[in-house]
Structures are given as C-alpha cells and as structure tokens.
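Report on one structure; see the data block that follows.
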Amino acid sequence: MAIVGCGGFIGSHLLKAVLQRTCWRVFAVDLESYRIQQHLADPRVEFYCGDLANPSVVQRIAQFPVVVNLAAICVPSRYMSEAATVIRSNYDHPARLADACAKSGSWLIHFSTSEIYGKTAADSGLLEEDSADLVFGSVAASRWSYATAKLLAERYMAGLTNLQWTVVRPFNFVGPYMDFMPGVDGEGIPRVLANFSTALVRGEPIKLVNGGLARRTFTSVHDAIDFIFCIFENPAAAKGQAFNVGNPDNEISIAELARIMTEIYADVKHIPVEEIPGAQIVDGVEYYGVGYEDSLRRMPSVEKAERLVGFKASTPLREVLRESLTWFAEHYSTSDCLEKLAE
Ligand code: UDP
C-alpha cells in the first residue's frame, strides 16, 4: 500500500499499526520523517521524501492497490494567510492523485475533514454524511479556504468515473505526535490540543478564542486507526462512501477543555492547579488574522460507520487527554527542545 502524508500525526500512527497488524509493504511519502524515524530501517518500508506536487511520484503511488492520502495543510492559522497554498494542497494535489488512481484502478482512501460541514451554528444538530446542508462564510472570510478545497476534492472524486474511493471526515483527532510546539518544531498557531499543551508546558496562559464557547467532539487517534482497519476489512461496504469518524460522547466546549487539560496537567506534573496561570480570552480575528470565523458546534452522526463497517469510537476524552499531555510534556522536555526555546 501507499501512505501519502505518512510522516504526519495520523500517518505515523497508521504506519506503526500497519507494520504491527499486517505483512504489507508500505510506500511512505512525506516531506518530513521525524515521527516515523524508528520504522525507516524496516525492510517493508520504502520512504520517499516529496509530495504530490511531483507528477512522477503521483504515478508511482497509483501503482499500489490501496492508497491512503493524509497529506494536507490543516492548521487553521494558515487558512487565512496562505489561502492559495492551502487550496493547492487540499484540492489540486488530491485531484491529481484521484485521476491517477482512476486510471490504475487503485482504491483511494482520502482524508477530508469535518470542516466541510461549514459554519455550523451553536444549536446545529447531528451532522449526517449524506444529508447535511452545507453553509460557508463569504469569500472574504478566508477561514473557509480549506473547507471549500476539501469539499471540492470530495465532489471531484465522487464525480470521477472509474475511481474506487472512500472519504474519511475526521472530527478533531487528538493524541501523541499531534501538530507541533511553536518555536521548536513548527511555526504559527497549531490546533487546539497542541496549543493548549504548549501553554501548559511553558507556564503561559491558555488563549481562549472568543471565550472558548465553540464546541468540538475530540476523537482518539487510536480509535481513528481502528476505523481505517474496519474499512480495510470491509472494502465492498466502504467504497463509494464518505464517513464521519468522531466520538459524540466526547463533546465539550473549548473553555471546558482548557479547564480539564489544566487539571490533568497539574496531576501529571504533581503541581497544585493554582500554580498554573488562568486562561485568557482573545478575539478570534486579532488572534488568527482577518477572515477568521468559526464553527460553533460539530456533532457527528456516527451511525453510518457503525452500520456499514462496524466501527464505534470508544476512548473517553479524559483518557486521550492524559495520554497526549503526558506524551507532550515528556517529548518537549528534552535538552534539544529546551535549547531551541532558549534561543
Ligand atoms: N482555539 C482556542 N485557542 C487556541 C486554539 C484554538 O480557543 O489556542 C479554538 C478555536 O477558535 C476553535 C477550537 O479551539 O474554536 C478548535 O480549533 P482548532 O484550531 O483545533 O481546529 P478546528 O476544530 O477549528 O478545525
């Protein structure tokens, strides 16, 4: 099989699981490899440093019978400042790969996003894969550059004759190796879990955008990997379908997430919770830039994944937050990281 975006957060967990649970060979494509370094010497792994901008790599990827595409720019802080690059990465590149897979007959498992459900209101209900109406902000609201590109890629794949496709819409996957720590292994604003973890490790206040009233359902990356295996095992049911992958039991407001993460971090580090700085409210446009808007609630219907491929996420929120925070605190306390922070 081929995994595009194999060196990223989800890709690194998927590679590990594929090597543990199967005897398949993996063509692993990414621009970075530090998260999968321990697997690069495995004779079943061939790593290619590059991306889908290169047409010859696209052709090579499409020679594998199963292709999982995880490659994307998916950090909200970049949707406003780099909209054109975000659209190329989330529409042009996947469309090119889809064309090649349609020709070769490969099964393309494409990672889209729960953000295609658009600017959902605080009182919006269950988001169903095949019936939800989609509402986006205006073109001036560049936050939606990512969502519109992802949506177009989905429509393109569904419209291609001969393509065997499955679309996955992740609902806020979290776990070890998610995103980066600004100033150490990335720049800008990572997604909420990494950003709150960074603030806690550095002893800085957590920033609550517009009061942290938005709600999300956080899903353990380990559940997400189990979902991928459910579709590997049920190709006939999975082909030609888009699936929400989320955990409705883990719905929480961002303000509440900040409170729980603070509590867990204090416990993990054995420090009194009062020693941790309180959260600070920031304005969304000032924090992220002009064009920022938000989805206020993202609640997945998960009935389809259970009915068609027998998948149901089961990891409770507190468990995945504890695992992620413990990993983050350990990973970013090495002397290398501390030196970078001091520079
Ligand atoms: N958020 C926040 N502080 C941060 C980062 C994010 O309050 O430091 C909020 C953000 O405004 C959104 C939610 O947390 O309401 C989730 O943001 P994230 O960037 O993780 O991705 P999204 O779910 O919006 O795609």
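For the single chain, residues carry numbers from 1 onward in sequence order. Remember, it's a predicted structure, so these values are computed and weren't measured experimentally. First listed ligand is number 1; within each ligand, the first listed atom is number 1. In what follows, every heavy atom counts, from backbone to side chain, and hydrogens, waters and symmetry copies are set aside.
- Counting non-hydrogen atoms of neighbouring residues, nucleotides and ligands closer than 6.0 angstrom, the CZ atom of Arg44 exceeds 12 such neighbours.
- Glu46 and Arg60 are joined by a salt bridge, as a carboxylate oxygen and a charged side-chain nitrogen come within less than 4.0 angstrom of each other.
- Less than 4.0 angstrom separates some heavy atom of Tyr287 from each of these atoms of ligand 1: 8 (O).
- Atom 24 (O) of ligand 1 has as its closest protein heavy atom Arg216 NH2, 2.8 Å.
- Counting only heavy atoms of the protein, atom 17 (O) of ligand 1 lies nearest to Val192 CB, 4.1 Å.
- For atom 25 (O) of ligand 1, the nearest non-hydrogen atom of the protein is Glu115 OE1, 3.3 Å.
- Numbered from 1 in the order shown, with element, the atoms of ligand 1 that lie under 4.0 Å from a heavy atom of Phe196 read 3 (N), 4 (C), 8 (O).
- Distance from atom 12 (C) of ligand 1 to its nearest protein heavy atom, with residue and atom name: Asp294 OD2, 3.4 Å.
- Taking a cutoff of 4.0 Å between a charged side-chain nitrogen and a carboxylate oxygen, Glu256 and Arg215 do not qualify as a salt bridge.
- At a heavy-atom distance under 4.0 Å, only side-chain atoms of Asn172, from C-beta outward, approach ligand 1.
- The shortest separation from a heavy atom of Pro76 to ligand 1 is under 4.0 Å, placing the residue in contact.
- A heavy-atom distance below 4.5 Å is not found between the side chains of Phe196 and Thr262.
- The cationic atom of Lys119 (NZ for Lys, CZ for Arg) does not lie both less than 6.0 Å from the six-membered ring centre of Trp144 and within 45° of the ring axis.
- The distance from ligand 1 to the heavy atoms of Leu208 drops below 4.0 Å at these ligand atoms: 7 (O).
- Put simply, the side chain of Asn244 never gets that close to the backbone of Phe171: no donor and acceptor are under 3.5 Å apart.
- Of all the atoms in ligand 1, the ones that sit under 4.0 Å from a non-hydrogen atom of Val209 are 1 (N), 2 (C), 3 (N), 7 (O), 11 (O).
- The protein atom (non-hydrogen) at minimum distance from atom 5 (C) of ligand 1 is Tyr288 OH, 3.2 Å.
- Counting atoms of ligand 1 from 1 in the listed order, those under 4.0 Å from a heavy atom of Arg191 are 19 (O), 20 (O).
- Annotation: atom 3 (N) of ligand 1 to nearest protein heavy atom, Lys207 O, 2.7 Å.
- By the criterion of a heavy-atom distance under 4.0 Å, neither the backbone nor the side chain of Gln280 is placed next to ligand 1.
- Contact check on Glu32 versus Arg35 returns a salt bridge, with a Lys/Arg side-chain nitrogen under 4.0 Å from an Asp/Glu carboxylate oxygen.
- For the residue pair Asp283 / Tyr292, no side-chain donor-acceptor distance below 3.5 Å is found, with atom types taken as modelled.
- With respect to the salt-bridge test (charged N to carboxylate O, under 4.0 angstrom), the residues Arg21 and Asp226 qualify.
- Note on ring orientation: taking the six-membered ring where Trp is involved, the planes of His331 and Trp327 are parallel (angle under 30°, cut-offs 30° and 60°).
- With 3.5 Å as the limit, one finds no donor-acceptor pair spanning the side chains of Arg143 and Tyr288.
- With a 4.0 Å heavy-atom cut-off, ligand 1 is reached by the side chain of Tyr292 but not by its N, CA, C or O.
- For atom 9 (C) of ligand 1, the closest heavy atom belonging to the protein is Ile254 CG2, 4.1 Å.
- Residue Ala214 approaches ligand 1 through these ligand atoms, each under 4.0 Å from one of its heavy atoms: 15 (O).
- Protein heavy atom closest to atom 8 (O) of ligand 1, with residue, atom name and distance, is Asn195 ND2, 2.7 Å.
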